[in-house]
**Q** 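Let me begin by handing over the structure; questions about it come next.
Throughout, a chain's letter reflects where its sequence line sits, starting with A, and its residues are numbered from 1. What you see below is based on every heavy atom in this structure, not just the backbone, and it leaves out hydrogens, waters and symmetry mates.
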Amino acid sequence: MSNYYRTILNVQTVIPVNIYANLKVVLSLDKFNTAADPSTVRRSSDDAETSIGYVTDVFDVSAFDTFIGAGSGFLAAYKNQNNLAQTFSQTTLTRQYEIQKNIFGTRVGLKGTTAGLTSIQNTAFTLTTTAQHYYFFVPVVIDGLAPTRMYPCVVTIGTGTRMLCAIRTVSGNARMEILQNITGSLADRITTGTTNLATGTKYLLTYYFNYQSGIMQTYINKTLEINDTGALSSATIGQVDTFTVGNFTNGRANEAFNGKIGFVGYNEGVLTAGQLSDIQDDLIAKYSI
Amino acid sequence: MEAHRYQNINDALNAISLINQSQGIPKSEKSVTQSYTDFIEGVDSYFIMADDVTKSVLGVDNLVTLTENDFEKGNPLEI
C-alpha cells in the first residue's frame with residue numbers, strides 16, 4: 001500500500017481507497033467508501049429498478065445476475081462516494097450505461113449504448129474555484145474510433161467555461177486530447193497527443209488542468225503524454241453547472257464515449273508527483289490495467 | 001443513425017409521451033428512469049433517435065438519417 005493512501009487517504013485494509021478530502025468525486029460501482037450507498041440498476045426485462053451493493057469492496061455481481069435474469073442491466077444512478085448526497089443519474093432509458101461484467105479484470109465496466117447518446121451526470125455540482133488544479137482519473141477501454149471526438153468527462157463551469165477530457169481520432173488512430181474553454185478574454189486551448197490508443201485495451205487516462213500556470217497535461221497509465229505549457233494568466237473560474245461522464249452534455253449526438261468506463265475520479269488541489277503516482281498505481285492495480 | 005424528425009418541440013414531446021405510455025415508463029414516481037428517450041435539438045429540427053420501439057409507436061414516415069450537419073458542433077473550440 002502506498003504511503004499516500006496510508007497517510008493521506010487514511011486507507012483501511014479492506015477499502016483500498018478511502019476518501020481523501022481533495023478527491024472530490026469518486027464514481028464507481030465498486031466500493032471506495034465504507035458508508036457508500038449502492039447504485040441504482042435497471043433491468044431490461046421489465047424496467048424495474050433496484051439497488052445493488054457489494055461483496056467486500058466489489059460490485060455484487062451475483063446479486064446483479066439474479067436481478068437482471070436473462071436480460072441486461074443498466075445504470076440509472078450512482079452516488080459520488082465522497083459526497084453521498086450527490087447523485088449522478090440518467091433518467092432517460094436509452095441513454096443509460098449498460099453494466100458489463102469482467103471488463104477490468106473481475107470488475108464491471110459501463111458500456112455506452114449503440115444509440116451513441118450515453119451519459120450520466122450531476123447538474124448541480126459545485127467546483128472549488130480556489131483549487132485551480134483539477135485532475136481527472138478514468139480507467140477506460142475504447143471500443144471504436146467513432147465518433148471522432150468523444151468525451152470520458154466534461155465539466156461545464158458557469159455559462160461557457162469547460163474542462164474537456166477527450167479522445168480524438170486522428171488519421172485513423174485514437175489519441176488523448178485535452179481542451180479547455182475559458183469565457184472572457186483568455187484563449188480557448190486544445191492539445192492532442194501523439195501516442196495511439198488501441199481499441200480493446202485497458203488504459204488509465206489522467207487529465208490535469210492547471211488554471212494558475214495554464215499547464216494542461218495528460219497521462220496514459222503513468223506515462224506523461226501531453227505536456228502543454230501554453231500561456232494562461234491566472235484564471236478564476238466560476239461555479240460548475242454540470243459534471244458529465246461519457247459525453248459532452250446529457251445525451252448529445254456524435255460525442256458520446258464509445259467504450260467502457262470503470263471509474264471516474266476527480267481531484268481538486270495540487271497533487272505532488274508522489275501522490276499522483278500513488279493514485280495511478282492504485283487504479284492501475286485495481287482495474288487490472 | 002436513424003432518427004424521427006420533428007419541426008417543433010411540442011410534436012417531439014408528444015411523440016415521447018406516446019412512447020412512454022406504450023412502454024409503461026416511468027414504472028413509478030420513485031423510479032430514476034422517467035422517460036424512454038428524449039429529443040435532441042438540431043439545426044431547425046428536433047430529433048428522436050430511432051429504434052424498434054420508437055418505430056413501432058411512431059411509425060417510419062418521418063425517419064431521417066442523421067448527419068453531422070444536423071447539429072451544431074459540440075465542441076466550441078471547433079470553429
**Q** Quick check: are there more than 12 heavy atoms from other residues, nucleotides or ligands sitting under 6.0 Å from CG of B/D44?
**A**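 At most 12 heavy atoms, drawn from other residues, nucleotides or ligands, come within 6.0 Å of this atom.
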**Q** Check whether A/Q96 gets within reach of chain B through its side chain, its backbone, both or neither, counting any heavy atom under 4.5 Å.
**A**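 Answer is side chain: those atoms of A/Q96 sit under 4.5 Å from chain B.
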**Q** First locate atom CG of B/D38, then atom CG of A/N250, and finally report the distance between them rounded to the nearest 0.5 Å.
**A**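 So the gap between those two atoms works out to 7.5 Å.
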**Q** Please check this pair: side chain of A/T94 against backbone of B/Y36, looking for a donor-acceptor N/O pair closer than 3.5 Å.
**A**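 Yes: the side chain of A/T94 pairs with the backbone of B/Y36.
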**Q** What's the shortest heavy-atom distance between A/T92 and B/T37, and which atoms?
**A**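 Of all heavy-atom pairs spanning A/T92 and B/T37, the closest is CG2-CA, 3.3 Å.
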**Q** Which region of A/D46, side chain (C-beta onward) or backbone (N, CA, C, O), has a non-hydrogen atom less than 4.5 Å from a non-hydrogen atom of chain B, or is it both or neither?
**A**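 When you check distances to chain B, atoms from both the backbone and side chain of A/D46 fall under 4.5 Å.
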**Q** Closest approach of B/V32 and A/S89, non-hydrogen atoms and distance?
**A**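 What the structure gives for the nearest pair is CG1-CB, 4.2 Å.
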**Q** Counting only non-hydrogen atoms closer than 4.5 Å, does B/I25 touch chain A with its backbone (N, CA, C, O), its side chain (CB onward), both, or neither?
**A**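 Side chain only.
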**Q** Are the side chains of B/T33 and A/E49 in touch, meaning some heavy atoms are under 4.5 Å apart?
**A**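 A side-chain contact under 4.5 Å exists here.
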**Q** In terms of heavy-atom pairs under 4.5 Å with chain B, which of A/T87, A/D47, A/L93 leads?
**A**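 Ranked by heavy-atom pairs under 4.5 Å with chain B, first place is A/L93.
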**Q** Please name the pair of heavy atoms, one in B/I40 and one in A/R95, separated by the smallest distance, quoted to 0.1 Å.
**A**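 Scanning both residues completely, I find the closest heavy atoms to be CG1-NH2, 3.8 Å.
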**Q** Partners of B/Y6 by ring-ring contact (aromatic ring centres under 6.0 Å, His included), sequence neighbours excluded?
**A**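 If we apply the ring-ring contact (aromatic ring centres under 6.0 Å, His included) test to B/Y6, skipping adjacent residues, there are no hits.
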